[in-house]
Amino acid sequence: MSFPLIFIVGPTASGKSGLAMALAERFNAGILNCDSLQVYQRLDIGTAKPTPEERARVPHFLFDFVPPGEVLTAGDYRREALKVLDQELKQRMILAVGGSGFYVQALEKGMFEVEKPDPEVEAEVRERFARLGAEKAYEELKKFDPEYAEVVSPNDHYRILRALIVKETSGHKMSELRKSFAGQGLPYPVLKLGVSISKEELLPRVRARVREMLQAGWLDEVQRLLDEGWENWPPMKSVGYKECVEFLRGRLSRERLEPLIVEKTMQLAKKQRTWFKRDQEIHWLNSPNLLDEAIECVTRFLDPKMVQA
């Protein structure tokens with residue numbers, strides 16, 4: 001018998017990590033990272049990674065294992081995550097926590113295959129992407145495949161570029177490929193919980209978190225990576241890191257830095273909500289006491305013999 005896999009999803013800064021820690025301690029579970037940035041080493045403050053103290057209290061998996069300069073695809077992530085689950089679900093429940101819809105989907109349903117692009121076509125698309133810039137490339141994607149663009153961040157250069165390469169190679173839309181994918185499923189019991197939070201509730205949390213990150217040395221973290229030559233590393237184009245780079249390069253004022261990160265984070269949160277709301281299998285936690293509601297949901301789902309006293 002396998003212990004279950006519990007997904008805890010929702011927008012950034014909604015309280016997923018804190019809820020997961022409390023649930024993990026309540027049920028003697030482990031936490032599996034399902035965030036596309038927390039996998040990377042050296043991106044600590046700006047990704048709100050669990051602290052060393054938190055990791056010492058509860059087993060954590062797939063945090064800090066990809067070094068600077070390397071890029072982890074969703075397919076790579078799924079392979080690594082399945083290794084963890086195959087081993088850990090024999091002995092404990094695992095909570096897969098994160099707001100990265102692509103990673104959640106990849107882990108739960110697998111990855112659809114696309115034909116290998118012609119090298120010359122791929123080179124041409126990459127050259128055009130570099131020449132036009134990410135903003136214009138994203139606009140091109142929005143015109144061709146608005147449905148896919150709705151769930152892809154304008155800062156997600158990897159997926160924008162990949163979608164344009166698929167377009168030029170096959171003429172297919174990524175949104176259509178995703179719909180046609182039957183999925184592989186998981187051989188474990190799965191429960192999906194979502195942390196529901198309104199824009200009005202989220203905004204002050206985002207403001208406070210961005211301020212705390214900057215006070216904790218976020219700019220120093222980014223500057224060290226710049227000093228080592230990692231400015232063009234794709235994770236450095238993500239929300240928050242991109243704006244810190246702009247400030248450190250003198251292209252953004254200090255007065256504009258914090259509110260711009262807040263603005264971009266709220267835009268990201270909106271996309272995350274849009275993504276997850278489409279999944280009818282997610283049970284959204286709406287009560288004032290998220291922990292009590294989550295404990296009740298998990299307890300009902302578990303085999304009574306597995307519930308820890």
Side-chain angles (χ1 to χ4, degrees), residues 35-37 39-43 46-47 66-79 100-103 105-106 111-181 222-252 260-261 263-264 267-268 271 275:
D35 180 277
S36 62
L37 290 176
V39 299
Y40 294 108
Q41 297 171 2
R42 310 281 300 282
L43 301 185
T47 63
V66 183
E70 294 187 13
V71 175
L72 191 80
T73 68
D76 296 332
Y77 166 78
R78 185 176 200 264
R79 284 187 286 274
S100 300
F102 278 109
Y103 274 33
Q105 177 179 275
M111 296 292 295
F112 56 82
E113 297 295 329
V114 296
E115 60 186 270
K116 189 173 182 180
D118 179 280
E120 291 186 7
V121 173
E122 180 174 358
E124 289 174 2
V125 176
R126 289 184 179 277
E127 188 278 330
R128 188 171 80 244
F129 185 95
R131 176 166 40 85
L132 295 178
E135 185 174 347
K136 290 186 177 179
Y138 183 69
E139 290 301 316
E140 179 181 338
L141 176 61
K142 283 176 68 176
K143 291 178 181 177
F144 175 70
D145 191 355
E147 183 176 343
Y148 187 67
E150 180 64 26
V151 297
V152 174
S153 167
N155 295 315
D156 195 338
H157 296 188
Y158 170 79
R159 290 186 177 87
I160 295 170
L161 184 58
R162 182 167 179 253
L164 294 177
I165 290 172
V166 170
K167 168 183 178 262
E168 296 299 329
T169 300
S170 66
H172 292 310
K173 296 179 180 180
M174 292 295 281
S175 59
E176 294 173 347
L177 292 173
R178 288 173 55 216
K179 288 177 182 176
S180 65
F181 176 63
V222 175
Q223 184 64 64
R224 286 191 291 270
L225 289 164
L226 292 178
D227 291 343
E228 294 175 23
W230 301 120
E231 181 170 353
N232 293 318
W233 184 31
M236 293 284 275
K237 310 295 184 182
S238 62
V239 171
Y241 281 92
K242 178 182 179 181
E243 288 70 35
C244 287
V245 170
E246 291 293 295
F247 167 73
L248 291 169
R249 292 305 193 209
R251 299 187 289 264
L252 184 67
L260 184 58
I261 295 176
E263 177 186 330
K264 296 297 183 180
Q267 291 173 1
L268 172 62
K271 286 185 177 292
W275 176 288

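Ala163 and Leu141 get closest at one heavy-atom pair: CB-CD1, 3.8 Å. Taking all atoms of both residues into account, the shortest heavy-atom contact from Thr47 to Tyr241 is N-OH, 3.7 Å. Nearest heavy atoms, Pro235 versus Leu43: CB-CD1, 3.5 Å. Residue Pro154 comes nearest to Ala134 through the heavy atom pair O-CB, 4.5 Å, listed as atom of the first residue, atom of the second, then distance. Residues Ser238 and Leu37 come closest through the heavy atom pair OG-CD1, 3.5 Å. The minimum heavy-atom distance linking Tyr103 with Ala74 is given by the pair CE1-CA, 3.9 Å.
One distance of note links CG of Leu252 with SG of Cys244; it measures 9.0 Å at 0.5 Å rounding. Here CZ of Arg162 is found 10.5 Å from CG of Asp156. Values are rounded to the nearest 0.5 Å. To the nearest 0.5 Å, atoms CZ (Arg131) and NZ (Lys136) are separated by 9.5 Å. For the atom pair CD (Gln41) and CG (Leu225), the distance works out to 11.0 Å, reported to the nearest 0.5 Å. Distance CZ/Arg128 to CD1/Ile165: 9.5 Å, rounded to 0.5 Å. Distance CD1/Ile261 to CD/Glu246: 11.0 Å, rounded to 0.5 Å.
Ring orientation note: the planes of Trp275 and Phe102 are tilted relative to one another, at an angle of 30° to 60°.
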Original post:
Run the side-chain contact (heavy atoms from CB on, under 4.5 Å) check on Phe144 and Leu164 step by step: do they pass?
Top reply: CA-CA 9 Å; Phe144 175 70; Leu164 294 177; 5.9 Å; no
**OP:** Starting from the C-alpha separation in whole Å, work towards a yes-or-no answer on side-chain contact (heavy atoms from CB on, under 4.5 Å) for Lys242 and Lys264.
**Re:** CA-CA 10 Å; Lys242 178 182 179 181; Lys264 296 297 183 180; over 6 Å; no
**OP:** Evaluate the side-chain contact (heavy atoms from CB on, under 4.5 Å) criterion for residues Lys237 and Asn232: first the C-alpha distance (whole Å), next the side-chain angles of each, then the deciding distance (0.1 Å), finally the verdict.
**Re:** CA-CA 8 Å; Lys237 310 295 184 182; Asn232 293 318; 3.6 Å; yes
**OP:** Start with the C-alpha distance between Glu231 and Arg249, add both sets of side-chain angles, then the distance that settles side-chain contact (heavy atoms from CB on, under 4.5 Å), and finish with yes or no.
**Re:** CA-CA 10 Å; Glu231 181 170 353; Arg249 292 305 193 209; 2.8 Å; yes
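Between the side chain of Lys271 and the main chain of Glu150, a donor-acceptor pair closer than 3.5 Å is present. Using a distance-only test at 3.5 Å, with no hydrogens or angles considered, a donor-acceptor pair links the side chain of Tyr138 to the main chain of Ala149. Here the side chain of Glu243 pairs a donor or acceptor atom with the backbone of Gly240 at under 3.5 angstrom. In terms of modelled atom types and a separation under 3.5 Å, the side chain of Trp233 and the main chain of Glu70 share a donor-acceptor contact. Looking at Asp145, its side chain never comes within 3.5 Å of a backbone N or O of Lys173 through a donor-acceptor pair.
With a 6.0 Å radius and a threshold of 12 heavy atoms from other residues, nucleotides or ligands, Glu263 has its CD atom above the threshold. For Glu120, the CD atom sits in a loose shell: 12 or fewer heavy atoms of surrounding residues, nucleotides or ligands are nearer than 6.0 Å.
Using a cut-off of 4.0 Å between Lys/Arg side-chain N and Asp/Glu carboxylate O, Glu140 and Lys167 are scored as salt-bridged. Ion pair Asp76/Arg79 flagged as a salt bridge, since at least one NZ, NE, NH1 or NH2 atom sits closer than 4.0 Å to an Asp/Glu carboxylate oxygen.
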